[in-house]
Enquirer: 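This is the structure, below, for whatever I ask next.
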Amino acid sequence: MSGSRAGWIAALPLGAVGGGLAFTVLALPQPHPGLRDAVLARLAASGVDSPVTAVLLNFRGYDTFLEIAVLTVAVVGIWSMGPTPVESGDPPGPVLELLVQVLVPFMLLLGAYLVWAGSHQAGGAFQGGAVFAAALVLMLLGGAPLPEWLGRWPLRVLLTFGLLAFAAAGLGVMLAGHRFLEWPERWAGLLILAVEMAAAISIGTILAAALRGGRPEPR
Amino acid sequence: MTAADLYALTGVVLFVVALHAVIVHRPLLRRIMALNVMGSGVFLVIGALARRAPGELADPVPHALVITGIVVAIAATALALALMLRVQAQTGRSELPPAGRA
């Protein structure tokens with residue numbers, strides 16, 4: 001079968017799928033408040049002022065916890081595929097080196113700010129972690145070698161720190177008689193900020209490691 | 001027809017077009033990219049549906065779902081790309097053998 005004919009044959013049922021989806025989307029009742037009012041009613045007890053952060057880190061903490069677990073597992077999968085591919089030779093130019101020196105400190109500061117800002121406006125662990133990852137990737141592209149001290153265990157600690165801190169916080173509140181990941185109202189703000197900071201550091205490391213691809217070889 | 005409806009329909013179109021690309025194209029990189037576009041379509045639909053809430057503030061729960069979804073999509077893409085490179089290193093080709101021939 002020629003490629004274009006297969007394309008047309010596949011297009012017919014897909015058109016029906018698209019039509020059905022479009023009809024469903026338009027047929028949904030609106031206006032509809034969804035879960036917004038339920039979230040707003042409990043926002044004061046969540047420890048943060050941003051509704052999205054309250055959902056992510058408090059009401060639906062399980063989602064975020066397991067999401068960091070997914071990220072960690074993805075890196076384990078990538079590393080299990082073999083060592084880091086050998087870089088092709090070209091050394092970075094002076095512009096990139098200067099850019100790394102100027103930008104990276106600001107990016108680290110911006111990432112930390114985004115995590116902190118997440119408690120009252122747009123921002124949070126993933127946005128901050130993405131900026132951390134960008135800074136790390138920029139450093140890797142600039143030819144910065146993996147520091148010797150980061151070698152084996154410290155790097156793995158950085159990768160799993162977010163998941164472990166999240167689990168530790170979730171289990172810790174159980175000692176005080178709460179359920180797993182059920183933050184006590186008094187400590188919620190502090191716990192969320194601590195968990196988000198730890199998560200952002202790990203997310204940054206994980207994304208950079210995923211982009212690097214492959215397990216770094218011990219020297 | 002509100003602006004949110006338009007966004008949701010755009011998301012549906014992205015999803016369907018990319019699903020078509022996943023089915024029709026053989027190179028793995030194209031399929032991985034198409035899967036990403038499919039995911040973006042889904043996120044656009046969910047984000048648009050959050051705007052059905054009356055008043056200024058959108059429903060925060062779908063927004064949180066989308067943030068989670070984006071991160072999981074990134075992780076899946078990175079793993080898929082690593083698998084693709086592995087297939088390429090083993091077979092010299094960046095596509096899977098045709099069905100029925102292992």
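Basis for what follows: all heavy atoms, side chains included, without hydrogens, waters or symmetry-related copies. Naming: A, B, ... by sequence-line order, numbering from 1 per chain.
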Enquirer: Please determine which of A:L56, A:V55, A:V52 meets the side-chain contact (heavy atoms from CB on, under 4.5 Å) test together with B:V61.
Expert: A:V55
Enquirer: Heavy-atom count check: over 12 atoms from other residues, nucleotides or ligands less than 6.0 Å from A:M81 CE?
Expert: yes
Enquirer: For B:V71 and A:I203: C-alpha separation, side-chain torsions, deciding distance, then whether side chain to side chain contact (heavy atoms under 4.5 Å, CB included) applies.
Expert: CA-CA 9 Å; B:V71 176; A:I203 289 165; 5.8 Å; no
Enquirer: Step through the shown structure and confirm whether more than 12 heavy atoms of other residues, nucleotides or ligands are within 6.0 Å of CZ on B:R93.
Expert: no
Enquirer: Grab the two heavy atoms, one from A:G18 and one from B:V12, that are nearest each other, plus how far apart they are.
Expert: O-CG1, 3.6 Å
Enquirer: Is it the side chain or the backbone of B:L85 that comes within 4.5 Å of chain A heavy atoms, both, or neither?
Expert: neither
Enquirer: Select one option (side chain, backbone, both, neither) describing which atoms of B:I74 are under 4.5 Å from chain A's heavy atoms.
Expert: side chain
Enquirer: Could you check whether any side-chain N or O of B:H20 sits under 3.5 Å from a backbone N or O of A:G7, counting only pairs where one atom can act as donor and the other as acceptor?
Expert: yes
Enquirer: Using a 4.5 angstrom heavy-atom cutoff, name the option from A:V25, A:L26, A:V70, A:V17 with the most pairs to chain B.
Expert: A:L26
Enquirer: Top residue by heavy-atom pair count (under 4.5 Å) with chain A, among B:V16, B:I70, B:T77, B:D59?
Expert: B:D59
Enquirer: Quick one: pull up OG in A:S50 and NE2 in B:H63 and give me the separation to the nearest 0.5 Å.
Expert: 11.0 Å
Enquirer: Could you state the interatomic distance from CD (A:E67) to CD1 (B:I67), rounded to the nearest 0.5 Å?
Expert: 8.5 Å
Enquirer: By a 4.5 Å heavy-atom criterion (distance strictly below it), what part of A:L66 contacts chain B: side chain, backbone, both, or neither?
Expert: neither
Enquirer: Name the region of B:L83, side chain, backbone, both or neither, that has any atom closer than 4.5 Å to a heavy atom of chain A.
Expert: both
Enquirer: Between A:D63, A:L28, A:T64, which residue shows the highest count of heavy-atom pairs closer than 4.5 Å to chain B?
Expert: A:L28
Enquirer: Under 4.5 Å from any heavy atom of chain B, what part of A:V39 do you find: side chain, backbone, both or neither?
Expert: side chain
Enquirer: Please determine, among B:R86, B:H25, B:R51, the option with the most heavy-atom pairs under 4.5 Å with chain A.
Expert: B:R86
Enquirer: So which part of B:A48 gets closer than 4.5 Å to some heavy atom of chain A, the side chain, the backbone, both or neither?
Expert: neither
Enquirer: Just by distance, do the side chain of A:R36 and the backbone of B:A50 share a donor-acceptor pair under 3.5 Å?
Expert: no
Enquirer: May I ask you to test the B:L57-A:L40 pair for a side-chain heavy-atom distance under 4.5 Å?
Expert: yes
Enquirer: Heavy-atom cut-off 4.5 Å, strictly under: side chain, backbone, both or neither for A:P29 against chain B?
Expert: both
Enquirer: Can you say whether B:V13 sits under 4.5 Å from chain A via the side chain, the backbone, both, or neither, judging by heavy atoms?
Expert: neither
Enquirer: Contact part of A:I68 toward chain B, heavy-atom cut-off under 4.5 Å: side chain, backbone, both or neither?
Expert: neither
Enquirer: Which heavy atom of A:I78 sits nearest a heavy atom of B:A82, and at what distance?
Expert: CG1-CB, 3.8 Å
Enquirer: Is it the backbone or the side chain of B:I23 that comes under 4.5 Å from a heavy atom of chain A, or both, or neither?
Expert: side chain
Enquirer: Answer yes or no: are there more than 12 heavy-atom neighbours, outside A:R42 itself, under 6.0 Å from its atom CZ?
Expert: no
